Amino acid sequence: MNSRMHSTAIPPRPVLEVADLTVRYGSRTVVHETDLILRAGETVALVGDSGAGKSTVAKAIAGLAMPEAGSVRLDVPRTGHEGAGGLDLLTASAADRRTARRAVHLVMQDPYASLPPHLRVLGIVAEPLVIHRIGRRGERGEAAREALRSVGLDPEQYGRRLPHELSGGERQRVAFARAIITRPAVILADEPTGMLDATLRAEVSDLMGALSREHGTAILHITHDLALAARTCDRIVVMANGRIVEQGRTREVLRSPQHETTRQLLAAALRGARTVGSARRVSEATAA
Amino acid sequence: MSRTLALWRSLPLTSRLGFTIVAALILLALFGPLLAPYDPIERVTTPFAPPSSAHLLGADDVGHDLLSVLILGARPSLLVALLAAVAATCVGMLVGISAGYLRGAVDTVLMRIVDVVLALPVVPLTLVVGVLAGPGLFTQTLVISIALWAPMARELRAQVLSVRERDHIHALRAMGAGHGYMLTRHIVPAVGTLVVPQLVLAVKSAVMLEATLAFLGLGDVSSMSWGMMLSIANERSAFLTDAWLWWVVPPGALIGLTVLGFALAGGAVERTAAGRTVRPTRRRKPAPASAASTALAQTAPEAPLLEVDQLTVRYGDGEAATGGCTGVDLVLPRGRVLGLVGESGSGKSTVAAALVGLMAPAAQVAEGGIRMDGTDLLVLGPRERRGLLGSRIGLVPQEAQSALNPVHRAGDQIAEAVLTHQDLTREQARARAQELLDLVGLPAHAFRSYPHQLSGGQRQRVVIATALANDPDLLVADEPTSGLDVLVQQDILDLLSSLRERLGLTMVIVTHDLPVIAHIADDIAVMQAGFVVEQGETLRVLASPDDPYTQRLVGSLPDMAEFEEVR
Amino acid sequence: MRQAGRSWLPRLGQYALVLWVAVTLNFAIPRLAPGNPALIMHTGEGDPTPEELAELGEIYGLNEPVLVQYGRFWLDLLRGDLGLSTDHNRPVTDVLLERLPWSLVLVGLGLIGAIIIGTLIGAWSAWRREAGRPSQDKGTLVGVLAIDSMPGFWVGMLLIAVFSAQLGWFPSYASAQMPEGTLAGIAESGRRLAMPLATMIITSFGTYYMLARASMTTVLGEPFIRLARAKGLPERTVAIRHALRTALLPIATNAAIAAGSLVSGAVVVETVFSYPGLGKVIADAVAVRDYPLLQGAFLLATLGVIAANILVDLLYPLLDPRVRHSREELPV
């Protein structure tokens with residue numbers, strides 16, 4: 001394996017373990033023998049330029065892309081396969097896979113397309129419960145309202161609205177409310193802030209961090225924005241051309257990046273931030 | 001009741017017209033026997049009798065009252081069409097949805113069949129079947145259904161495919177939803193609303209086909225449809241006599257009206273593609289310079305290249321007018337780079353469009369002026385404005401990597417920009433284009449390439465070369481980095497920086513991405529909801545923003561200082 | 001999008017499939033219909049006697065196994081034998097080939113006229129809408145829809161009524177003889193061709209109007225139009241060299257499909273004008289139930305549509321450089 005590891009402390013239990021994942025689109029290999037581990041309660045950033053294969057990894061885990069080879073093991077409660085390495089989603093039976101889908105949720109990039117246009121917000125948020133036949137009508141409604149509150153949306157105000165009446169940021173919050181309603185162990189967020197305005201990005205990022213801390217959810221935050229990753233993620237995994245080239249604790253990787261790709265991404269993020277930073281320092285200096 | 005009324009009012013005028021026509025015709029078909037003054041199969045007057053008060057449309061060659069025949073012709077004309085269209089829609093739906101949703105082998109086989117049926121010529125095929133089956137209602141219905149189901153299956157399959165690929169369907173699959181759930185709760189409801197217009201349009205085709213078949217002799221002789229009326233009129237050469245006016249014109253006109261009615265009701269007029277459109281700005285009256293901008297101008301020793309003065313742009317007229325931008329003041333001295341920052345809806349695109357003179361037709365400049373070297377651009381006529389655009393003002397438009405014409409070579413597109421404003425020979429223009437390619441860092445052989453042979457970053461460079469073709473004083477770059485890979489974005493920004501150095505360009509860069517301009521722009525203007533909320537030197541604004549919105553914007557940028565001591 | 005080059009083999013396969021289906025339909029339909037298939041082969045007056053039927057059965061091999069009949073059918077076809085026309089009492093092939101040139105002229109010229117007129121008006125319509133004059137566009141659209149809604153035979157009859165019967169400008173029917181080679185002869189055929197041609201164009205241009213309008217509207221929304229304007233090009237250059245040129249691609253793709261309906265349209269037009277082409281032959285055959293002739297015409301029409309498709313496939317790369325040049329990235 002070609003990645004460079006930085007030092008780690010004693011890790012908590014892994015909930016998701018991806019090993020040797022290889023995904024092909026036609027004749028092109030998009031992901032090469034990739035390994036990934038997610039632990040309970042941690043937020044991991046998966047960064048890389050477009051075409052690096054990061055979205056494909058998420059889709060393979062979520063069951064939207066069929067990998068050629070490898071395994072995706074899920075070790076979470078209530079799937080009937082706790083402990084002993086968990087359940088391999090790729091070789092599991094259809095019934096097991098369906099149950100497992102409650103524990104892994106994918107939040108997609110485009111908030112304008114990921115919500116069904118003909119359902120109201122409460123219905124959208126409660127849908128995973130309907131699909132998995134969890135709870136009765138009344139309970140589902142209450143759970144949906146609770147979920148909306150935890151993402152900062154007032155159910156009285158937003159519950160009966162249709163998606164096209166909401167802004168991009170509000171829609172993405174609804175998507176997150178839908179994500180947490182089954183109390184999944186893992187949330188895969190594929191560029192969740194990519195289509196949002198700058199001021200909202202930080203908010204949504206912070207929201208993900210808060211959800212993670214509150215429910216112990218492991219979050220895989222896929223992004224090309226290194227600055228965003230630096231803000232909220234514990235660990236960072238860098239991909240290029242379908243392979244992981246570097247990973248480790250965020251601060252350590254960004255302080256001394258080893259791989260060329262990491263350096264380039266860091267330089268790009270610093271470009272803009274540097275002026276802001278230096279501007280701040282100038283003003284602090286003059287104020288002093 | 002009021003909801004129905006509201007629904008009716010929400011329909012476009014043409015659709016309402018269509019529905020009215022269709023409703024009238026259906027009533028005619030239903031109540032025909034009550035309305036017709038005479039029994040159509042009885043001889044009631046002399047053959048070929050001209051119109052009179054007793055017989056408004058005269059008589060045919062046997063002596064039947066034409067008006068009665070006409071009225072009663074509505075039923076067979078419509079009935080066959082409706083039956084056939086419904087049958088075709090059912091088959092088409094079944095085939096289309098199965099193929100589109102299941103894909104794989106089922107899709108391939110079904111679409112092969114559909115393609116073959118579509119390729120066979122309609123009328124000859126229906127004639128071959130029809131002659132064998134013998135004339136009559138059943139034959140007509142059968143034969144028309146055969147002709148109609150295939151295009152409908154194709155259309156519905158395409159719609160199912162596009163619905164199926166939507167993100168929210170993927171999200172549902174990822175959540176573990178089964179096929180049955182998705183079909184019933186999501187796919188069919190989405191497609192269902194599209195089936196109704198398809199059905200209506202199928203009726204339209206069916207009416208036409210019925211008339212054609214009846215005309216050719218495959219109609220039901222016992223019930224005279226309008227097509228059959230015309231068939232008989234043709235046999236009796238009615239168009240050679242005066243009888244054409246009352247025998248030939250009415251049935252055909254009614255057929256035409258029916259077809260048109262269904263077409264309009266089926267939304268034929270509203271199937272339009274959306275598209276953002278821009279047009280050169282129209283002429284406007286000059287406005288006096290405001291005190292603010294004169295004050296700003298006085299601080300700079302040399303006259304600024306560009307001054308925007310209380311610019312206010314509105315979209316639409318009167319009551320429905322929405323804001324584009326309001327009271328915008330900007331000053332751009334020569335050789336400086338201004339970054340115009342704002343999120344979607346902030347008005348920055350409106351200002352940029354006004355600068356170059358490419359505002360949407362709906363945009364009206366309510367007040368204010370834009371002065372370049374003292375000349376108010378907004379009072380110039382379209383031709384003068386066009387003269388400036390591409391020569392003194394260069395624009396790198398949004399989505400530049402898609403902005404090249406796919407059927408012309410890259411070099412030719414640059415040369416075209418040169419030839420528009422300079423009186424050079426083809427050769428000279430080409431040479432200049434080569435120079436420009438070199439200037440933006442592209443190899444010489446890029447000249448002969450078509451846009452699809454270049455990468456996104458390369459296409460962006462070609463567009464920049466186009467904007468620089470005539471040595472503009474001002475370069476306006478609209479979101480120059482959006483849509484590009486992170487690393488390519490850096491390259492483009494570096495290119496713009498170096499061009500600015502080498503050519504002494506004055507630039508306006510419009511973007512929503514603060515870091516992009518933080519390192520290239522000298523001055524920055526932040527826009528929100530149509531207003532300029534803060535402007536000044538970049539360093540100053542970033543270090544200590546006054547306006548709360550700007551503070552939030554700057555605050556959302558991470559401080560990466562701790563990572564800077566690297567390397 | 002049409003692709004030439006690599007994918008011509010599957011396309012050719014598709015056309016072959018269509019042809020095979022047409023031939024098989026011709027074979028299967030009479031045998032599937034109730035009654036004795038020999039009935040349709042019967043020439044002469046009145047209903048055939050049982051002896052005549054038996055004899056026909058022998059001649060046409062209708063008592064042999066189905067597969068043998070099918071093989072025979074194909075063999076005859078490849079030899080150019082389409083059977084005997086019951087009405088004309090001549091080989092079907094002869095009748096069809098005799099009338100083919102007339103229809104080719106009518107349909108060919110009609111197609112060209114419809115495409116040109118439809119495309120120009122459609123592109124103009126879309127252009128006006130984008131220029132901020134949607135009412136002009138809508139008005140034109142409704143007008144064209146109204147014209148397109150009129151049945152072809154009705155338009156023909158009206159033209160005859162007005163221009164022949166009332167005004168006497170044009171003859172109401174075409175002659176059955178081939179035109180003489182002289183200038184006068186050609187002018188005379190021109191006069192006779194004028195009204196059928198006008199009818200064809202009037203009833204078919206609507207389809208191309210819709211195509212052109214939709215295509216132009218899409219193109220006008222593309223970013224490269226903005227760039228063309230950004231260069232300061234005059235509006236007309238933007239309209240023609242950039243917008244229309246690119247809009248032609250989807251029109252070309254769909255042109256072949258629409259051509260099929262023109263063939264159908266010719267049937268009624270020729271009937272109304274007694275124009276001695278294939279369409280009239282078909283219409284007459286329907287009236288007298290001349291089945292072999294109908295089958296032959298159907299086959300010929302299918303061949304025509306396939307030929308039109310192949311022609312467009314060959315010409316398309318000339319219009320679209322993306323197909324001409326495969327995707328090669330430039331080394332940077």
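Quick note on labels: first sequence line is chain A, next is B, and so on, each numbered from 1. Nothing here was measured: the structure is a model prediction, and the numbers come from that model.
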Can you check whether B:Pro124 reaches C:Leu294 side chain to side chain, under 4.5 Å on heavy atoms? no
Please report the shortest heavy-atom distance between B:Pro406 and C:Thr246, naming the atom on each side. CG-CG2, 4.1 Å
Within this structure, what is the NZ-CG distance for the pair B:Lys204 and C:Leu145, rounded to the nearest 0.5 Å? 7.5 Å
Here the gap from C:Gln14 atom CD to B:Asp115 atom CG, rounded to the nearest 0.5 Å, amounts to 5.0 Å
Would you say that B:Phe215 contacts C:Val268 through its side chain, given a criterion of any heavy-atom pair below 4.5 Å between the two side chains? yes
Give the minimum heavy-atom separation between C:Arg229 and B:Leu358, together with the two atoms involved. CB-CD2, 3.9 Å
What part of C:Ala297 lies closer than 4.5 angstrom to a heavy atom of chain B: side chain, backbone, both or neither? neither
Provide the closest heavy-atom pair for B:Leu389 versus C:Ala230 in the form atom of the first, atom of the second, distance. CG-O, 3.2 Å
List the atom of C:Arg226, the atom of B:Ala353, and the distance in Å for their closest heavy-atom pair. NH2-CB, 4.1 Å
For the side-chain contact (heavy atoms from CB on, under 4.5 Å) test, which of B:Val116, B:Val128, B:Leu120 pairs with C:Leu25? B:Leu120
Side chains of C:Pro234 and B:Arg386 in contact at under 4.5 Å (non-hydrogen atoms): yes
Applying a strict 4.5 Å limit to non-hydrogen atoms, the region of C:Arg241 in contact with chain B is both
Got a second to check how far C:Leu227's CG is from B:Glu416's CD, nearest 0.5 Å? 9.0 Å
Which bit of B:Val249 comes within less than 4.5 Å of chain C, counting heavy atoms only: side chain, backbone, both or neither? both
Select, from B:Gly457, B:Ser391, B:Pro451, B:Gly256, the one with the greatest count of heavy-atom pairs under 4.5 Å involving chain C. B:Gly256
Spacing of CG belonging to B:Leu260 relative to CE belonging to C:Met150, to within rounding of 0.5 Å: 9.5 Å
Compare every heavy atom of B:Thr212 with every heavy atom of C:Phe153, then report the nearest pair and how far apart it is. CE2-CA, 3.7 Å
Relative to chain C, which of B:Ala467, B:Ala469, B:Gly217, B:Pro397 shows the most heavy atom pairs under 4.5 Å? B:Pro397
C:Ile282 versus chain B, heavy atoms under 4.5 Å apart: side chain, backbone, both or neither? side chain
Of all the heavy-atom pairs spanning B:Val248 and C:Trp154, show the shortest one and how long it is. O-NE1, 2.8 Å
Heavy-atom contact with chain B under 4.5 Å, split by part of C:Val21: side chain
Greatest number of non-hydrogen atom pairs under 4.5 angstrom with chain C, of B:Thr420, B:Val407, B:Leu257, B:Leu395, falls to B:Val407
By a 4.5 Å heavy-atom criterion (distance strictly below it), what part of C:Ala146 contacts chain B: side chain, backbone, both, or neither? both
Between the side chain of C:Lys231 and the main-chain N/O of B:Gln413, is any donor-acceptor distance below 3.5 Å? yes
Under a 4.5 Å heavy-atom cut-off, does chain B meet the side chain of C:Ile306, its backbone, both or neither? neither
Of the listed residues (C:Thr302, C:Leu233, C:Val267), which shares the most heavy-atom pairs with chain B below a 4.5 Å separation? C:Leu233
